[in-house]
Amino acid sequence: MAAFPPSPRSENISGEKNGSDLIQKTDEIHRETLLNLPTGKGWMTEHLVQYQGFWFSPNGLKNLMWLHDHFNPRPTDIFLASFPKTGTTWLKALVFATVNRTRHGFSDHPLLTNNPHVCFPFLDAYLHEKDPSFLDHDGSPTPRLLSTHAPYALLPDSMTANRRCKFVYIYRDPKDVLVSKWHFLRKLRPQELPPLSLEEAFELFCRGISHNGPFWDHVLGYWKASLELPEKILFLKYEDLKKEPFVAVKRIGEFLGFPFSLEEEREGVVENIVKLCSFENLSSLEVNRTSIHNFSTDILVDNRHFFRKGIVGDSKNYLTAEMMKRLDEITSHKLSGSGLLFHNS
Ligand code: A3P
């Protein structure tokens, strides 16, 4: 099944004179698609729209359609995929530092002066407002590091069918994801909209109405794909990274084709990467305390909001015992038979 309506490029609509005509035509098709979709209450925007079982902000879905229309992966590309608030920022830093470790010294490392989202940009937010051809000439070093929050089922075939591009996926206990997300989006929610209470956010999350949600379907999509294509998708858990970051960094290096040599291990390179990317270090950097990240014209985020507590189990400080129980029950029900477990011990 085609994930999205055909773009003008694939339909070969006659009468197009140049790239901007094409972009306009694509835009019209996307707008029409958006008009007829079911809507649900938004966390940061007024509404989310549901498309093929998943929920998106209208612009988020438009970005995804652009990805289908315009993105040409390279076989060497590395994609980081995640549900929002599962540890994306941290994993971006770890992968960037691992893959580029021979390019940059630790004393003047780009992560000391740039937020991880600059070093490892979002593909979903890349295209929507730009001439897509820039991605093919962007001069980024090989391998390109690009990230997405899109569900696996809605990624373009060009990303999933190409066996050489690799994915690293991160997931996390949904109770902590919900609490982290509520804190984050509360700060980004426009003043014109009434505040979103934790109780409302909880109900929406349980019903799956959350950017790129339902959470469980997002995780299961990548989990199943990782079982089928273990050499293509590395499935990581936030809680494991917290517990054994050195093991995780070595696994990431090995999986992505940048294994650590014994000499590097002896010299403490893995430790240096873990230290550089630690919550304590990244959150205390000037760039992450005072600068703003510009995802698109409508999404500007203070870098400090990407770093809140960075711990496991903070949800118990916000959710009632009943809420925790209900989320755990949904999780066991949704994941039953999948072989995926969420135990944190
Ligand atoms: P909390 O809100 O629970 O603190 P994402 O990057 O996907 O948006 O996820 C954000 C979550 O990851 C936040 O969780 C944030 O504090 C945490 N985080 C950010 N950087 C981290 C790091 N270096 N180590 C551990 N957790 C980190």
Side-chain angles (χ1 to χ4, degrees), residues 43-44 57 60 79-98 109 111-112 114-125 145-151 168-188 198 201 205 210-213 215 218-219 222 236-249 252 271-285 287-289 291-293 295 299-319 324 327 342 344:
W43 296 58
M44 201 177 84
S57 67
F79 302 119
L80 187 158
S82 61
F83 188 87
K85 310 323 288 175
T86 52
T88 316
T89 314
W90 185 19
L91 188 57
K92 281 185 176 191
L94 290 170
V95 172
F96 179 86
T98 299
H109 200 279
L111 283 168
L112 296 173
N114 295 279
N115 178 265
H117 295 292
V118 170
C119 300
F120 200 138
F122 269 109
L123 198 46
D124 320 20
L145 303 178
L146 298 163
S147 77
T148 179
H149 283 322
V168 181
Y169 184 80
I170 185 160
Y171 78 111
R172 184 183 189 187
D173 184 326
K175 302 189 291 299
D176 286 349
V177 173
L178 161 66
V179 167
S180 179
K181 190 177 159 70
W182 177 69
H183 278 288
F184 183 71
L185 293 185
R186 225 159 46 118
K187 291 166 195 147
L188 268 58
L198 180 58
F205 192 86
S210 164
H211 302 86
N212 299 278
F215 168 83
H218 196 283
V219 174
Y222 283 93
L236 297 167
K237 183 172 163 186
Y238 180 90
E239 291 78 6
D240 291 344
L241 260 70
K242 286 293 290 185
K243 208 183 329 171
E244 295 189 305
F246 305 105
V247 175
V249 168
I252 290 168
E271 279 83 350
N272 282 335
I273 291 176
V274 169
K275 217 152 68 183
L276 172 72
C277 304
S278 69
F279 182 86
E280 292 68 28
N281 187 49
L282 290 184
S283 62
S284 66
L285 297 171
V287 63
N288 292 326
R289 285 192 294 117
S291 299
I292 291 177
H293 187 70
F295 283 111
I299 307 185
L300 303 173
V301 183
D302 284 3
N303 285 343
R304 67 196 156 90
H305 295 332
F306 295 113
F307 307 93
R308 193 181 61 92
K309 286 194 183 168
I311 58 171
V312 172
D314 188 43
S315 48
K316 66 176 179 306
N317 298 317
Y318 293 90
L319 304 179
M324 308 261 287
L327 268 176
F342 268 96
N344 289 336

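In each ligand, atom 1 is the first atom listed, and ligand 1 is the first ligand listed. Positions are given from 1, in the same order as the sequence printed here.
- Between C277 and ligand 1, an N or O atom pair is found at a separation short of 3.5 Å.
- Contacts between S82 and ligand 1 below 4.0 angstrom, taking non-hydrogen atoms only, are absent altogether.
- Minimum interatomic distance between L282 and C277 (heavy atoms only, all atoms of both residues): CD1-O, 3.5 Å.
- Only the side chain of R172 comes within 4.0 Å of ligand 1, counting heavy atoms alone; its backbone N, CA, C and O stay farther away.
- Polar contact check, G310 against ligand 1: a nitrogen or oxygen pair lies under 3.5 Å apart.
- Counting heavy atoms from C-beta outward, L185 and K85 have side chains that stay 4.5 Å or more apart.
- Remark: minimum distance from atom 16 (O) of ligand 1 to any protein heavy atom is reached at R308 N, 2.9 Å.
- Contacts of Y238 with ligand 1, taken as heavy-atom pairs under 4.0 Å, involve the side chain alone.
- Counting only heavy atoms of the protein, atom 15 (C) of ligand 1 lies nearest to F306 O, 3.4 Å.
- A cation-pi contact, defined as under 6.0 Å to the ring centre and within 45° of the axis, links K92 to F122.
- For ligand 1, the polar-atom distance check against T89 finds a nitrogen or oxygen pair separated by under 3.5 Å.
- Among the atoms of F279, some N or O lies under 3.5 angstrom from an N or O of ligand 1.
- Counting only heavy atoms of the protein, atom 7 (O) of ligand 1 lies nearest to T88 OG1, 2.6 Å.
- Under the 4.5 Å side-chain criterion, counting only non-hydrogen atoms from C-beta, H109 is in contact with L276.
- The closest protein non-hydrogen atom to atom 13 (C) of ligand 1 is S180 OG, 3.6 Å.
- A salt bridge links D314 with R308: the closest approach of a Lys/Arg side-chain nitrogen to an acidic carboxylate oxygen falls below 4.0 angstrom.
- Proximity of F205 to L327: side-chain heavy atoms (C-beta onward) are separated by under 4.5 Å at one or more points.
- Residue G87 has at least one N or O atom closer than 3.5 Å to an N or O atom of ligand 1.
- Closest to atom 8 (O) of ligand 1, if we only count protein heavy atoms, is K85 NZ, 2.8 Å.
- Taking atom 22 (C) of ligand 1 as the reference point, the nearest protein heavy-atom neighbour is W90 CG, 3.3 Å.
- Side-chain N/O atoms of H117 and T89 include a donor and acceptor closer than 3.5 Å.
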